[in-house]
Amino acid sequence: MKEKMSDIKKTEISSGGSRPLVIAGPCSAESRQQLLSTAVSVAEAGVKIFRAGLWKPRTKPGGFEGVGAAGMEWLKEVREQTGMQIITEVATPSHIEQVMKINPDLLWIGARTTTDPFAVQAIADALKGTSVPILVKNPLSSDIDLWSGAVERLANAGVAAIGLIHRGFSTYEHRSYRNAPLWNIPMEMKRRYPSITLLCDPSHMGGSRTLIAPICQQAMDLMYDGLMIETHINPEEALSDKAQQITPGELKLILQNLIIRENSQKIEGIGAYRSEIDELDDELLKVLSRRMQISREIGAYKKQNNIPVFQNDRYNEIIQTALKKAKEMDLDEEFVLSIIEAIHQESVRLQLP
Ligand code: PEP
Ligand code: MN
């Protein structure tokens, strides 16, 4: 499998490797007029790849489910008129069979589809023998193996050019983002597949216009290769994902204002900080090891004396103390909470028979 993964070609997707590679266009193809007018303005903003969903996966029934194959000709016209490459979403072998008639330059697999290994396998089988590059969105849930499983299914089917689109993860609570970024998951994907192209989709992640620019900048600072940004000629009238679509003019401004930082010689200047961090990480691990050793000893005591492993009052006390200290020490409370929860969970695991 390792050799196969290293075959994943970056260049075919990144068209030259300069950052950011930008894909823009509406959430959905709605009409010929909407698609062409959006495309002309998006091309003026310097974009080279145009997106539009033909078949729209909607979580609930009753929403706009896309124009389907009827929009294929419009996409072809976009390519002919603007010279941009075209990309659309496929979720079934039938979508692939239909869309291949217009020779799409790229295809993407949506978040709902990546969640389903049967669907991904069916797509991988349908792509056998074709050479179209595929971008795989992260699955809805934060199960990284569903994402890497999809990459491996495609690679096994011989799809040579595979990229990733990070669009955030569904959570029960909705905070400021429509889909929680959980940046560590795409970072781990990059660690597993170092040469893979990684794009960020700030539109589905943020879910609102105002969040597009800051998320794009964050993605650039995390060394993402590119961005997929939903852009509509008239977002207020969009038939899907209206709150998160921006105009081509707004897109142009966002792209112009992006600061692209590249690795350079100056990286050497952080060497001293890094040594200090390495030492601190080492200390943290030693402290954790001592902490778990004590947990094991308490576990043995509880067992001998027939005391239940989980003590709700004690757990609550640990959390409250940590939260109080977090404030005093200028640490983010949610961050501290997640660490204390993870440590407690590990202690409980060690103490259970
Ligand atoms: C889309 O790109 O319009 C889409 C449906 O995205 P996702 O699969 O990320 O929800
Ligand atoms: Mn959308």
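Remember, it's a predicted structure, so these values are computed and weren't measured experimentally. Atoms within each ligand, like the ligands themselves, are counted from 1 in listed order. Quick note: numbers below take in every heavy atom, side chains included, and nothing from hydrogens, waters or symmetry partners.
A distance of 14.0 Å separates CG in Leu106 from CZ in Phe50, rounded to the nearest 0.5 Å. Of the inter-residue distances, the one linking Lys190 atom NZ with Ile196 atom CD1 reads 7.5 Å to the nearest 0.5 angstrom. Note that the OG atom of Ser347 and the NE2 atom of His344 stand 6.5 Å from one another [nearest 0.5 Å].
When you scan the N, O or S atoms of Asp241 for the one nearest the Mn ion (ligand 2), you land on OD2.
Aromatic pair Trp183/Tyr224: centroids less than 6.0 angstrom apart.
To the nearest 10 degrees, the angle centred on the Mn ion (ligand 2) between OE2 in Glu230 and SG in Cys27 reads 90°.
Side chain to side chain, Asp125 and Gln121 meet the donor-acceptor criterion of an N or O pair below 3.5 Å.
Relative ring orientation between His95 and Trp55 is described as parallel, the plane-to-plane angle staying below 30° on a 0-90° scale split at 30° and 60°.
Listed as neighbours of ligand 1 are Cys27, Arg51, Lys56, Glu89, Trp108, Gly110, Ala111, Arg112, Lys137, Arg167, His204, Glu230, each bearing a heavy atom under 4.0 Å from the ligand.
For the salt bridge (charged side-chain N to carboxylate O under 4.0 Å, His left out) with Asp241, the lone residue among Lys56, Arg178, Arg209 that qualifies is Arg178.
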